[in-house]
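Values reported hereafter were calculated over all heavy atoms of this structure, with side chains retained and with hydrogens, waters and symmetry mates removed. Just follow the structure's listing: the first ligand is 1, and inside any ligand the first atom is 1. Just so it is clear, the structure is predicted and the values come from calculations on it, not from any experiment.
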Amino acid sequence: MSRLLWPIGVLFVCTLAFGITTFVWTSDHADRVAAEGQRERLASALQLRLDAIREEFAAALVATAAHGANGDVAFRTKSRPAVPPRPFPGFDGAALLSPTLEPSGKSFFGQPDPATFGLVRSLLAGMLPTLRSGSEAPPAGEAVPPPRLPVDDDAQARFLSDGTSHFAVVAIPASRLPPALARAADPSDTLIAWIRFGDDRFAKIARLQRLEDFRIEQANSAPFSGLPLLDGEGQIAAALTWTPDRPGDKLKRNLASMIVLGFCGVGVLFGAVALYFHLTTRNLAETDAISKELLGRDPLSGLSNRALFNDRLDMELERLTVGGTTNAGLAVMFIDLDRFKDVNDTYGHQAGDELIRLVAQRLVEALSEKDTLARFGGDEFAVIQTDVRSIEPVEALAKRIQDTLSRPFEVAHAQVTVGASIGVAMAPEQATDREGLMKLADAALYQAKSEGRNRTSFFQSRMDEALKMRKVVEDDLRRAIEADELVLHYQPLFSSDGENIVGLEALVRWPHAKQGLISPADFIPLAEERGLVIPLGEWVLRRACEDGKRWPGMRIAVNVSPIQFRHRDFVGTVMRVLSETGFEASRLELELTEGVVVEDADAAEAAMVELRALGVHLALDDFGTGYSSLIYLRRFAFDKIKIDRSFLESMEATGESAILVHSIVHLGRALGLIVTAEGVETREQHRFLQALGCHQLQGYLFSRPVARETIDTMLVPRSASLPADAA
Ligand code: C2E
Ligand code: CA
Ligand code: CA
């Protein structure tokens with residue numbers, strides 16, 4: 001539906017553009033018409049004024065004629081005294097002009113003001129010829145009827161200007177004058193009369209026409225849009241100008257605001273419609289998704305969702321047990337794309353969604369119809385393969401999936417390769433309940449991913465060993481400590497020539513009824529988490545001190561966990577155990593790690609000072625794995641450093657490790673510490689360490705950790721000759 005919005009929008013915009021263009025054209029035209037109208041109105045107003053002036057001229061002629069042509073006739077009435085007549089009342093001046101434009105000798109007006117007369121005369125230069133040719137003089141003797149003045153027909157009136165002074169001038173051939181006046185003139189003369197027409201008089205006329213900004217400009221300037229005032233030659237001398245009325249402009253302004261308003265209105269309308277469509281579409285999509293969800297579908301891929309998968313799996317598992325032994329088993333596969341996140345990050349979420357759909361498609365093709373395929377969300381898919389009688393079809397399906405998913409996908413116009421990790425668990429062999437089975441498949445998937453991805457991992461029992469161990473520790477360790485079920489093994493430390501045992505390291509073991517001998521690496525961290533390491537540590541210390549009494553003069557090393565060491569009563573515990581067992585403090589060596597001193601250096605230092613005051617030796621275990629800071633070595637009074645066995649392991653592979661071991665040995669020696677290397681497994685390592693000057697060596701090459709009885713036999717032949725502080 002929202003697709004319709006575009007064409008409608010385009011149509012709307014086109015119509016609007018057409019409308020605006022037409023309107024602009026029309027309003028410009030209206031402006032032109034209005035301006036023309038104003039000109040015409042002014043022109044006809046001026047013409048009316050000229051007509052009026054001609055009438056005034058006629059009246060003046062009559063008045064003047066009545067007084068006598070020579071101006072010597074006095075005008076008398078009863079009420080008024082005789083006044084010297086003023087020729088051509090209402091006019092500023094009048095003159096008779098000969099054809100050469102000279103003032104005629106028969107002037108009956110007196111001499112006009114010469115400056116004005118000169119000006120008017122020069123203005124008249126081009127006007128008179130037309131006047132004279134205008135009408136012929138009447139035949140001599142023909143009577144002209146007095147009431148009818150020839151002014152209307154024969155007098156010409158016009159405005160003349162030299163640019164600064166303007167005049168309304170009326171002219172009439174002498175031959176057309178009333179007889180009283182005509183007698184005083186030559187027939188070829190022309191009578192002219194003028195009125196000085198100042199700017200204000202023009203302005204008054206203009207005002208009546210409602211012209212704005214009316215002014216008279218000298219017309220040598222730019223082109224103008226008003227009316228010209230001509231000089232005698234017919235050249236434009238001045239221009240009547242004004243600011244023309246622009247009705248179109250006003251309209252345009254009105255329209256502009258209307259358009260803006262209209263646009264806002266339409267915008268709001270459009271927005272409302274778009275919003276409506278958007279909401280409707282989203283609602284539809286949501287409804288669709290919800291209905292799919294209700295149907296157990298994943299909206300993106302169209303596959304089953306987790307809920308439906310669970311139902312199916314429950315159903316299949318039920319069938320498995322109901323049917324008894326004859327029924328085939330099933331396999332649950334968890335599939336996780338390896339580089340899905342990269343695709344998402346690189347090409348965006350839409351590409352990611354597209355990829356999910358493509359993957360779903362390929363998975364559907366790889367499966368058989370009986371199998372169930374689901375998407376759990378993100379890039380996680382799951383499969384239930386039914387009718388499984390052996391491992392081969394499961395392996396085959398996993399391989400098909402792996403193959404099809406490692407082929408490139410075309411997404412966002414790019415080729416992407418993702419690959420998949422698959423974890424498989426089988427029922428009923430490995431689990432018969434849904435939750436159990438899914439946990440195993442998940443563990444297998446985790447395994448596949450941690451083994452380097454793009455591989456299939458079948459669940460094997462060792463995978464959840466860690467889980468089981470946790471449970472065992474939680475359930476049994478406390479009881480085992482209390483019941484004295486733990487044992488200590490001892491690993492001898494040898495002099496650098498590998499000949500003499502110079503010390504023993506106590507290492508705890510847990511012989512578990514079901515799990516067999518559990519390594520401390522498996523249960524110490526858990527014991528630390530559970531707070532069991534305190535009783536455990538105390539048990540080890542006590543047992544080591546007791547055992548140590550079997551081997552007089554031999555120093556016994558006991559590992560101390562940081563948690564144990566930080567316990568506020570640790571030193572007190574050591575003192576108590578020493579006194580209770582009667583073991584010499586000087587024969588006890590506590591192996592601490594850097595973790596002990598890093599956390600709370602001050603407390604650690606205080607405890608160490610106390611321990612050393614007792615005569616207890618302190619060794620820095622696993623040296624080189626942690627902070628390996630010289631500061632610790634200098635600040636804390638260790639007697640010994642034990643170079644971590646990871647250095648020896650990598651020594652053969654990298655020259656760097658050899659250099660490091662070399663430096664550590666020299667450093668330790670320089671600080672006056674006993675340097676011990678642990679994890680010595682080969683003769684080469686032994687020779688190298690011996691050559692470097694390591695004091696003590698420990699490792700499988702010489703002896704594994706062994707039971708105390710074995711130590712008894714190892715020590716018997718030489719015990720007499722071994723000094724306690726051999727180093
Ligand atoms: P660690 O203190 O570094 O102990 C040395 C570990 O290296 C021992 O493992 C020992 O069996 C092993 N080892 C000795 N020589 C070699 C060799 O040549 N090659 C190899 N690959 N390994 C060798 P174990 O006994 O499994 O102890 C593991 C860790 O458990 C010990 O590391 C120690 O940190 C901790 N641990 C052991 N017993 C105790 C204890 O009683 N209390 C505390 N807190 N921790 C203990
Ligand atoms: Ca140790
Ligand atoms: Ca160690």
Self-check item: Any protein heavy atom nearer than 4.0 Å to atom 34 (O) of ligand 1
Solution: no
Quiz item: Can you tell which part of Arg509 has a heavy atom less than 4.0 Å from ligand 1: side chain, backbone, both or neither?
Solution: side chain
Quiz item: Among side-chain atoms of Ser561 and Glu528, is any donor-acceptor pair under 3.5 angstrom?
Solution: yes
Exercise. Would you mind telling me if ligand 1 is within reach of the side chain of Pro705, the backbone, both or neither, using heavy atoms under 4.0 Å?
Key: side chain
Quiz item: If you measure every N/O of Tyr700 against every N/O of ligand 1, is any gap under 3.5 Å?
Solution: yes
Practice problem: Look at atom 3 (O) of ligand 1 and say which protein heavy atom is nearest, naming residue and atom and giving the distance to 0.1 Å. | Solution: Asp622 OD1, 3.4 Å
Practice problem: Tell me which protein heavy atom sits closest to atom 15 (N) of ligand 1, plus the residue, atom name and distance to 0.1 Å. | Solution: Gln491 NE2, 2.9 Å
Self-check item: Separation of Leu673 CG from Phe623 CZ (nearest 0.5 Å)
Solution: 9.0 Å
Exercise. Tell me yes or no: between the side chains of Asn559 and Glu505, is some donor less than 3.5 Å from an acceptor?
Key: yes
Quiz prompt | Protein residue, atom and distance nearest to atom 44 (N) of ligand 1, heavy-atom basis | solution = Ser561 N, 3.5 Å
Practice problem: Just go through Asn559, Leu536, Leu507 and tell me whose heavy atom is the nearest to atom 8 (C) of ligand 1. | Solution: Leu507
Quiz item: With respect to the Ca ion (ligand 2), what is the nearest N, O or S atom of Glu505?
Solution: OE2
Practice problem: Provide, to 0.1 Å, the distance between atom 28 (C) of ligand 1 and the closest protein heavy atom, together with that atom's residue and name. | Solution: Pro520 CG, 4.0 Å
Quiz prompt | Verdict with supporting geometry, Lys439 and Asp433, salt bridge (Lys or Arg N to Asp or Glu O under 4.0 Å) | solution = CA-CA 10 Å; Lys439 217 156 93 184; Asp433 64 309; over 6 Å; no
Quiz item: Would a distance-only check, ignoring hydrogens and angles, find a side-chain to backbone donor-acceptor pair under 3.5 Å from Arg362 to Arg407?
Solution: yes
Quiz item: Only one of Lys640, Glu678, Lys642 clears side chain to side chain donor-acceptor pair (under 3.5 Å) with Gln696; which?
Solution: Lys640
Quiz item: With a cut-off of 4.0 Å, which atoms of ligand 1 are near a heavy atom of Glu505?
Solution: 2 (O), 4 (O)
Quiz item: Do we see a donor-acceptor contact under 3.5 Å between the side chains of Ser421 and Asp336?
Solution: no
Practice problem: With heavy atoms only and a cut-off of under 4.0 Å, state how Asp621 meets ligand 1: side chain, backbone, both or neither. | Solution: side chain
Practice problem: Would you mind telling me if ligand 1 is within reach of the side chain of Arg645, the backbone, both or neither, using heavy atoms under 4.0 Å? | Solution: side chain
Exercise. State whether a side-chain donor-acceptor pair under 3.5 Å links Ser586 with Glu584.
Key: no
Practice problem: Using a 4.0 Å heavy-atom threshold (strictly under), name the region of Leu701 that reaches ligand 1: side chain, backbone, both or neither. | Solution: neither
Self-check item: Per-atom contacts of ligand 1 with Glu681, taking only distances under 4.0 Å to non-hydrogen atoms
Solution: 17 (C), 18 (O), 19 (N), 20 (C), 21 (N)
Quiz item: Which value, rounded to the nearest 0.5 Å, describes the distance between Leu536 atom CG and Ile481 atom CD1?
Solution: 4.5 Å
Exercise. Below 4.0 angstrom from a heavy atom of Glu678, which ligand 1 atoms are there? Numbered from 1 as shown, please.
Key: 3 (O)
Quiz prompt | Under-4.0 Å protein heavy-atom contact, atom 46 (C) of ligand 1 | solution = yes
Self-check item: N/O/S atom name from Glu678 that is nearest to the position of the Ca ion (ligand 3)
Solution: OE2
Quiz prompt | Met333 vs Val394 side-chain heavy atoms within contact, under 4.5 Å | solution = yes
Exercise. For the pair Asn500 (side chain) and Val502 (backbone), establish whether a donor and an acceptor sit closer than 3.5 Å, ignoring hydrogens and angles.
Key: no
Practice problem: Looking only at N, O or S atoms, find the one in Glu591 nearest to the Ca ion (ligand 2) and name it. | Solution: OE1
Self-check item: NZ/NE/NH1/NH2 to OD/OE distance under 4.0 Å, Arg708 and Glu546
Solution: no
Self-check item: Contact check, Ser519 vs ligand 1, heavy-atom distance below 4.0 Å
Solution: yes
Quiz item: Is it the side chain (CB and beyond), the backbone, both or neither of Lys642 that lies under 4.0 Å from ligand 1, heavy atoms counted?
Solution: neither
Self-check item: Protein residue, atom and distance nearest to atom 38 (N) of ligand 1, heavy-atom basis
Solution: Val508 N, 3.2 Å
Quiz prompt | OD1 (Asp622) to the Ca ion (ligand 3) to OD1 (Asp621) angle, given to the nearest 10 degrees | solution = 80°
Exercise. State whether Asp639 and Arg612 are salt-bridged, where the test is any N-O pair (Lys NZ or Arg NE/NH1/NH2 against Asp/Glu carboxylate O) under 4.0 Å.
Key: yes
Quiz item: With a cut-off of under 6.0 Å to the ring centre and 45° to the axis, is Arg704 in cation-pi contact with Tyr700?
Solution: yes
